[in-house]
Amino acid sequence: MVRVRFAPSPTGFLHIGSARTFIFNWLYARHNNGTMVLRIDDTDVDRNTQASRDSIFDGLKWLDLGWDELYHQSDRIELHRQVAWKIFEKGLAYRDFTPASAESDTKERSGGPWLFNPAMRELSNEESQRRADAGEPFVLRFRVPRDSSHPVEFRDAVYGPQSKLPADIEDFALLRSNGIPTYHMASCADDIDLNISHIIRGQDHLTNTFKHVLIFEAAGAALPIFAHLPLLIAPDGSKLSKRKHGPVVSVTTYRDAGFLPHAFVNFLCLLGWSPKDNREQMARQELTDAFSFEGINHSNAVVNFTDQDPFDPKAVWLNAELIRTMPVEELAKQLLPFVPNADPGKILQVTPLIQERIKLLRDVSTAADFFFLDELPPYDSAELIPQKGDAPMALAVLERAREVLSTVEFKHDALDQALRAAAQDLKIKPGQMFQPIRVAVCGRKNAPPLFETLEVLGRETTLKRINAALALL
RNA sequence: GGCGCUAUCGUCUAACGGUUAGGACAGAGCCCUCUCAAGGCUUAAAUACGGGUUCGAUUCCCGUUAGCGCUACCA
């Protein structure tokens with residue numbers, strides 16, 4: 001039975017790297033008909049915030065993938081303590097009474113890493129108990145074997161066999177002096193208790209895993225499968241951080257810019273994983289079917305953003321493709337929040353005209369603004385002058401257009417015929433006829449096709465705007 | 001410093017010893033066209049470096065270099 005977990009700590013907003021870890025866990029669970037556990041790792045009480053909790057849930061809900069079980073680590077501290085003390089009773093952990101303030105001095109490294117404080121590690125049971133009874137604070141440390149040259153080993157499902165000498169692992173803490181379990185302790189105790197079968201997480205935990213293997217073994221638990229994921233990094237090779245890279249690393253930034261959840265999911269899947277058959281645009285089910293650890297590669301992936309553009313071009317392309325291929329009604333619905341105060345019926349009319357012209361949902365506000373405005377914002381009257389034409393030509397075109405458009409039926413074919421005929425009368429090219437009209441009604445040169453646009457705008461608005469344009473000439 | 005992981009076009013990636021090193025995005029050009037898009041076609045662009053092993057290395061081994069991670073009573 002496959003049971004995976006995603007275990008964010010609520011100390012910041014939902015990071016896109018975390019989102020990817022969540023997605024890969026989800027895909028693995030669904031691929032194997034397993035269970036997806038969401039566990040909030042909130043043992044660091046000082047750093048947790050409600051805002052962060054909200055950000056994580058908002059982000060995960062937006063991804064629209066869901067989860068099967070939810071736990072809060074802070075509810076389970078007693079369990080973690082029990083496991084820690086069980087390890088202590090086996091003699092595999094000891095009390096370290098070194099005050100936190102004195103530690104930095106002791107740990108001054110001279111060449112190698114700090115491993116342990118011999119005085120504390122070798123403290124007799126009686127002495128240890130006596131000082132604890134006297135109320136002296138201590139941290140509980142794991143007693144990493146020092147008499148053995150056998151490496152700690154595990155097989156990573158992505159990176160293959162891993163091993164590390166005990167001599168390179170320090171006596172890490174299990175319980176802090178305030179009695180709260182450390183991340184390593186809480187995480188392992190929960191993974192054991194929740195019967196997690198596969199731990200899929202960022203590669204930043206790869207070397208931590210040796211400690212976890214030690215804890216699992218000390219607790220007498222079977223090892224889960226570990227699968228580590230390459231990290232997401234910035235174009236300069238540094239790791240993504242809020243301080244350095246700003247909102248580009250937050251899931252909500254993508255949501256607010258008008259990414260479709262699935263486009264975002266699809267994009268993230270392509271960073272560090274490949275179906276190996278050249279597919280890129282993949283539906284949720286295709287991703288689920290194709291997902292495997294074999295497809296995960298070993299090197300970090302760059303999220304290709306710049307100062308000018310916060311979004312990776314491939315993410316934008318994926319989003320644009322999805323927008324283009326989705327049903328008009330569905331797109332219109334998605335567009336709703338990006339056109340405040342607009343009539344939904346109007347949006348539905350406009351949607352087909354902009355469907356293949358927008359890349360992000362928010363683009364609707366610039367691509368279709370003139371449909372929703374009562375009055376056009378000011379534009380340069382020079383724009384009204386057609387290619388290879390002059391002001392008198394623009395004037396003639398608009399005057400003629402006013403005439404034609406006051407009687408013609410406002411339907412695509414009729415408009416097409418009437419306006420082309422008018423161009424012929426004026427002995428100008430169709431394009432020269434259309435451009436002044438387009439600028440007059442849209443307020444700019446680049447816009448959706450003219451006849452469809454006029455049809456949506458209607459006779460009244462069209463004539464009003466042509467008159468306004470005429471006044472400019 | 002120690003330990004670990006990694007290294008193919010600008011970016012994401014494919015090629016599990018033999019390919020003209022493939023695809024995608026972004027870029028350039030052309031076509032289509034009422035503008036903008038969309039679409040079609042074409043094009044430029046990579047195996048970090050040095051040693052091995054092998055008839056033959058992108059691929060296996062070693063070294064160098066570079067990047068990243070861990071080295072907390074953070075997660």
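Lettering of chains follows the sequences in order, A, B, ..., and the numbering in each one begins at 1. Predicted model, so just to flag it, every value in this text is computed and none were measured.
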Please figure out whether A/Glu170 or A/Tyr183 has its closest RNA chain B nucleotide nearer the 5' end.
-> A/Glu170

A/Trp114 CH2 to B/C3 C1': how many Å, rounded?
-> 16 Å

Assign A/His184 to base, sugar-phosphate, or nothing according to its heavy-atom contacts below 4.0 angstrom with the strands shown.
-> base

How far does the C1' atom of B/U13 sit from the matching atom of B/U47, given to the nearest Å?
-> 13 Å

Remember a base hit wins even if backbone is also touched, and classify A/Glu321 as base, sugar-phosphate or nothing at under 4.0 Å, heavy atoms.
-> sugar-phosphate

Give the rounded distance in Å between these two atoms: CD of A/Glu294 and C1' of B/A15.
-> 17 Å

Taking the six-membered ring of A/Phe370 (Phe, Tyr or Trp), confirm whether the NZ or CZ of A/Arg444 is under 6.0 Å from its centre and within 45° of its axis.
-> no

When the C1' atoms of B/C25 and B/U19 are considered, how many whole Å apart are they?
-> 24 Å

Would you mind classifying the nucleic acid contact of A/Asp204 as base, sugar-phosphate or nothing, using non-hydrogen atoms under 4.0 angstrom?
-> sugar-phosphate

For A/Leu240 and B/G69, give me the distance from atom CG to atom C1', rounded to whole Å.
-> 14 Å

Sugar-phosphate or base contact per nucleotide [nucleotides 22-37 of chain B; S, B, -; heavy atom under 4.0 Å] = BBBSS-------BBBB

Pairwise P distance for B/C36 and B/A28, with rounding to whole Å | 15 Å

Relative to the ring of A/Phe57, is the ring of A/His72 parallel (under 30°), tilted (30 to 60°) or perpendicular (over 60°)?
-> tilted

B/U59 and B/A21: how far apart are their P atoms, nearest whole angstrom?
-> 14 Å

N/O donor-acceptor pair under 3.5 Å between A/Ser55 side chain and A/Ala51 backbone = no

Paired nucleotide for B/U59 [Watson-Crick or G-U wobble; both distances under 3.5 Å] = none

For the residue pair A/Phe259 and A/Tyr254, does the interplanar ring angle fall in the parallel (under 30°), tilted (30 to 60°) or perpendicular (over 60°) class?
-> tilted

Go through the steps to decide whether A/His184 and A/His212 satisfy the test side chain to side chain donor-acceptor pair (under 3.5 Å), and finish with yes or no.
-> CA-CA 7 Å; A/His184 299 301; A/His212 300 177; 2.8 Å; yes

So A/Phe172 and A/Phe142, would you call those rings parallel, tilted or perpendicular, with 30° and 60° as cut-offs?
-> parallel

Does any N or O in the side chain of A/Asp96 come within less than 3.5 Å of the main-chain N or O of A/Met120, such that one atom is a donor and the other an acceptor?
-> no

Report the distance from atom CG of A/Leu231 to atom P of B/G4, rounded to the nearest whole Å.
-> 19 Å

Proximity to the side chain of A/Lys239 - top-ranked nucleotide from B/C3, B/A14, B/C68 = B/C68

Using the P atom on both, measure B/G52 against B/C73 and round to a whole Å.
-> 48 Å

CG of A/Asn304 versus P of B/U13: gap in Å, rounded?
-> 11 Å

Which base, if any, makes a Watson-Crick or G-U wobble pair with B/C25, both distances under 3.5 Å?
-> B/G10

How is A/Asn297 classified with respect to the nucleic acid when contacts are heavy atoms under 4.0 Å: base, sugar-phosphate, or nothing?
-> sugar-phosphate

What does the list of N/O pairs under 3.5 Å between the protein and nucleotides 57-61 of chain B look like, with a distance for each?
none

Under 30°, 30 to 60°, or over 60°: which ring-plane class applies to A/Tyr159 and A/His298, parallel, tilted or perpendicular?
-> tilted

Counting side-chain heavy atoms from C-beta on, which of B/C73, B/C3, B/C12 comes nearest to A/Val139?
-> B/C73

Whole angstrom value for the distance that separates P of B/A72 from CG of A/Leu115 | 10 Å

Just checking A/Ser177: base, sugar-phosphate only, or nothing, at a heavy-atom cut-off of under 4.0 Å?
-> base

Counting N and O atoms only, with roles assigned by atom type, does the side chain of A/Asp390 sit under 3.5 Å from a partner on the main chain of A/Ile385, one being a donor and the other an acceptor?
-> no

Interatomic distance, A/Ile180 CD1 vs B/A72 C1' [rounded to whole Å] | 16 Å

Quote, to the nearest angstrom, the P distance that separates B/G10 from B/A45.
-> 11 Å

Integer angstrom distance from the C1' of B/A37 to that of B/U43 | 22 Å

For B/A75, take OP1 and OP2 only and decide whether either is under 4.0 Å from a side-chain N or O of A/Thr182.
-> no

Distance test, side-chain N/O of A/Arg279 to OP1/OP2 of B/C12, below 4.0 Å | no

Taking the six-membered ring for Trp, are A/Phe216 and A/Phe226 parallel (under 30°), tilted (30 to 60°) or perpendicular (over 60°)?
-> perpendicular

For A/Ser187, report the nucleic acid contact type (base, sugar-phosphate, nothing); a contact means any heavy atom under 4.0 Å.
-> nothing

What is the ring orientation for A/Phe22 with A/Phe6, classed by angle as parallel under 30°, tilted 30 to 60°, or perpendicular over 60°?
-> perpendicular

Paired with B/A48 by Watson-Crick or G-U wobble geometry, both distances under 3.5 Å: which nucleotide is it?
-> B/U64

For the residue pair A/Phe88 and A/Trp85, does the interplanar ring angle fall in the parallel (under 30°), tilted (30 to 60°) or perpendicular (over 60°) class?
-> perpendicular

Pick base, sugar-phosphate or nothing for A/Gly272, based on heavy-atom distances below 4.0 Å to the nucleic acid.
-> sugar-phosphate

Nucleotides 5-9 of chain B: which of its N/O atoms have a protein N/O under 3.5 Å away?
residue : atom : partner  : partner atom : Å
B/C5    : O2'  : A/Gln203 : NE2          : 3.0
B/U6    : OP1  : A/His298 : ND1          : 3.2

Please say which of A/Arg146, A/Lys211, A/Arg141 ends up in a salt bridge (charged side-chain N to carboxylate O under 4.0 Å, His left out) with A/Asp171.
-> A/Arg146

Take atom C1' in B/A24 and the same atom in B/A15, then report the distance between them in whole Å.
-> 15 Å

Between B/G4 atom C1' and A/Ile169 atom CD1, what is the distance in whole Å?
-> 11 Å

Any idea how A/Phe293 and A/Phe291 line up, ring-wise: parallel (<30°), tilted (30 to 60°), or perpendicular (>60°)?
-> perpendicular

